[in-house]
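Being a predicted model, the structure only gives us computed values, none of them experimental.
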Amino acid sequence: PAIPAQYLEPPGARPNQHGLRGEYFPDTSFTGKPAFSRIDTVVDFNFGKGSPGKGVPKQYYAIRWTGKLIAPVTGEYYLGGAFDDVFRLWLDGKKLIDKSRNRNQSSMVVKVNLEKGRKYDLRLEFIQLWYKGKVSLWGGEPDHGKFDAAVAAARKAEVAVVVAGIDDRVEGEGRDRSFLHLPGDQTDLVKAVLKANPRTIVVLQNGGPVAIPWIVEHVPAILETFCNGEEGGNALAEVLFGDYNPGGRLPVTLYRSVNQLPGFSDYDIRKGRTYMYYGKLAGLDPQEPEPLYPFGYGLSYTSFKYGKLSTEAGTFYPGDTIRIRLEVTNTGRLSGDEVVQVYARISRAPVQRPEKQLVAFRRIPFKPGEKKIVKLAFPVQTLAYWDTVKHVFTVPAGDVELFAGKSSAQMIKKTVLKIKNNHGEL
């Protein structure tokens with residue numbers, strides 16, 4: 001919740017006057033005189049695309065709130081807020097939050113220890129840069145008993161299921177996320193439930209990837225459902241109870257933290273820590289921890305064995321189609337789908353190429369013990385790059401390594417073919 005007025009006191013407050021002094025600047029520098037000042041009883045504003053007041057533009061403005069924070073009781077508190085765009089918060093001169101590079105809707109809280117009756121200097125700076133202006137100053141006592149009901153239920157259950165994820169307050173069209181971890185104290189909830197019941201399943205519901213390193217290390221089962229729609233509950237029950245064998249694969253890489261991503265303004269995708277570009281081509285430290293899960297990763301309730309990988313020919317031309325045959329066997333006791341993925345690596349090219357490039361995939365159902373010859377195909381033109389001199393898509397001649405496997409990081413079978421140009425030259 002927004003911090004109530006009775007716990008805030010503006011500078012030079014009159015008796016029974018509460019709130020913070022807000023200084024509204026017509027630019028983003030906090031220099032010169034503000035366009036106007038006023039006492040805001042609470043900081044909980046959604047200015048939208050409009051101006052916050054006379055003399056302040058609709059975009060690119062700044063607001064500074066100052067005053068005292070008074071805690072009702074001694075103890076641990078949450079302090080932070082929601083904002084779009086820049087948010088900086090100080091308490092007694094110590095900077096608690098600095099989201100200076102933020103250019104999107106976000107939120108952040110920190111824990112602080114406060115003494116009853118003591119007046120703490122509070123300063124909040126907010127900068128609106130583009131699109132919509134929104135800012136709230138949050139505060140409250142942590143509810144140390146908030147997980148009690150969940151823990152009690154987990155102790156009585158054979159299996160505990162924790163549904164966690166991200167909603168439209170954190171991610172959505174028209175804005176970017178500033179963090180990858182699960183919002184709020186969802187990870188703490190998982191820890192509490194897992195301690196009560198080691199047979200815990202975490203179900204994720206989210207639109208984009210989430211960084212969950214602690215959950216990956218400690219929780220025995222994780223089910224990623226993304227945004228699963230109106231029938232998501234029924235589908236989830238069928239998967240958890242084993243009536244349906246999941247066969248989906250990750251269309252993204254799951255990172256350990258936002259630190260494994262390049263900066264917001266850096267569009268060089270080679271710097272993203274994905275298995276598609278991981279390693280020397282990206283200029284990364286090979287000792288750096290790998291992502292949590294690579295592109296294409298996914299498990300099943302059964303297991304599969306890969307046999308011989310072959311192509312119909314050994315040499316191809318730019319107009320050809322490469323046809324692949326791969327023997328796959330369901331070696332488990334349950335029916336299930338396998339997603340066979342084929343990646344290509346070009347050993348020699350005049351431009352920098354991906355470490356591995358997904359060129360074909362196919363999802364195939366198998367009965368227990370069933371063996372199939374999986375056939376995949378892709379045009380040679382899939383390997384083309386844009387020639388900035390000739391202004392055409394060009395397929396580099398030379399050797400191409402083909403890998404078949406379960407994900408971009410788990411390649412099981414390999415073969416090599418040759419690409420010739422239209423003159424027959426390698």
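- Using a 4.5 Å heavy-atom cutoff, the side chains of Lys111 and Tyr77 are not in contact.
- Between Val359 and Ile322 the shortest side-chain heavy-atom distance does not fall below 4.5 Å.
- Residues forming a side-chain hydrogen bond (donor to acceptor under 3.5 Å, both in side chains) with Asp92 (at least two apart in sequence, or on another chain): Arg118.
- Residues Thr321 and Phe316 are not in side-chain contact: their nearest non-hydrogen atoms beyond the backbone lie 4.5 Å or more apart.
- Side-chain atoms of Asn206 and Phe226, non-hydrogen and from C-beta on, do get closer than 4.5 Å to each other.
- You'll find the side chain of Leu194 reaches within 4.5 Å of the side chain of Trp214, heavy atoms only.
- Ring-plane geometry between Trp386 and Phe393 is classed as perpendicular, the angle between the planes exceeding 60 degrees on a 0 to 90 degree scale with a lower cut at 30.
- No side-chain donor from either of Arg249 and Ser407 sits under 3.5 Å from a side-chain acceptor of the other.
- Ring geometry for Trp65 against Tyr24 counts as perpendicular: the plane angle is over 60°, on a 0 to 90° scale with 30° as the lower cut.
- In this structure, Val389 and Asp387 approach most closely via the heavy-atom pair N-OD1, 2.9 Å.
- With hydrogens and angles disregarded, no donor-acceptor distance shorter than 3.5 Å links the side chain of Asp399 to the backbone of Val416.
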For residues 324-332, which side-chain donor-acceptor pairs fall under 3.5 Å, sequence neighbours excluded?
{"unit_1": "Asn330", "atom_1": "OD1", "unit_2": "Thr302", "atom_2": "OG1", "d": "2.6"}
{"unit_1": "Asn330", "atom_1": "OD1", "unit_2": "Gly332", "atom_2": "N", "d": "2.9"}
{"unit_1": "Asn330", "atom_1": "ND2", "unit_2": "Leu334", "atom_2": "O", "d": "2.9"}
{"unit_1": "Asn330", "atom_1": "ND2", "unit_2": "Lys367", "atom_2": "O", "d": "3.1"}
{"unit_1": "Thr331", "atom_1": "OG1", "unit_2": "Ser303", "atom_2": "O", "d": "3.2"}
{"unit_1": "Thr331", "atom_1": "OG1", "unit_2": "Ser303", "atom_2": "OG", "d": "2.8"}

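- Within the 4.5 Å cutoff, the side chain of Phe361 has no heavy atoms near those of the Arg363 side chain.
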Report task. Could you walk me through whether Ile212 and Val202 pass side-chain contact (heavy atoms from CB on, under 4.5 Å), step by step? Result -> CA-CA 11 Å; Ile212 50 170; Val202 171; over 6 Å; no
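- With a 4.5 Å cut-off on side-chain heavy atoms, Phe126 and Tyr61 count as touching.
- A salt bridge links Lys406 with Glu338: the distance from a Lys NZ or Arg NE/NH1/NH2 to an Asp or Glu carboxylate oxygen falls below 4.0 Å.
- Here the side chain of Arg199 pairs a donor or acceptor atom with the backbone of Glu158 at under 3.5 angstrom.
- In this structure, the separation between CD on Gln128 and CZ on Phe83 is 14.0 Å, given to the nearest 0.5 Å.
- For the pair Ile127 and Glu125, the minimum side-chain heavy-atom distance is 4.5 Å or more.
- Distance check: Phe25 CZ to Arg64 CZ gives 4.5 Å after rounding to the nearest 0.5 Å.
- Checked against the 6.0 Å centroid criterion, the rings of Phe403 and Tyr343 do not qualify as a close aromatic pair.
- Here Asp84 does not pair with Lys132 in a salt bridge; the nearest charged N to carboxylate O distance is not below 4.0 Å.
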Show me, pair by pair, the donor-acceptor contacts under 3.5 angstrom made by side chains of residues 182-192, not counting sequence neighbours?
{"unit_1": "Asp185", "atom_1": "OD2", "unit_2": "Lys146", "atom_2": "NZ", "d": "2.8"}
{"unit_1": "Gln186", "atom_1": "OE1", "unit_2": "Gly165", "atom_2": "N", "d": "2.9"}
{"unit_1": "Gln186", "atom_1": "NE2", "unit_2": "Gly165", "atom_2": "O", "d": "2.9"}
{"unit_1": "Gln186", "atom_1": "NE2", "unit_2": "Pro183", "atom_2": "O", "d": "3.0"}

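- Few gaps surround NZ on Lys95; more than 12 heavy atoms of other groups in view lie less than 6.0 Å from it.
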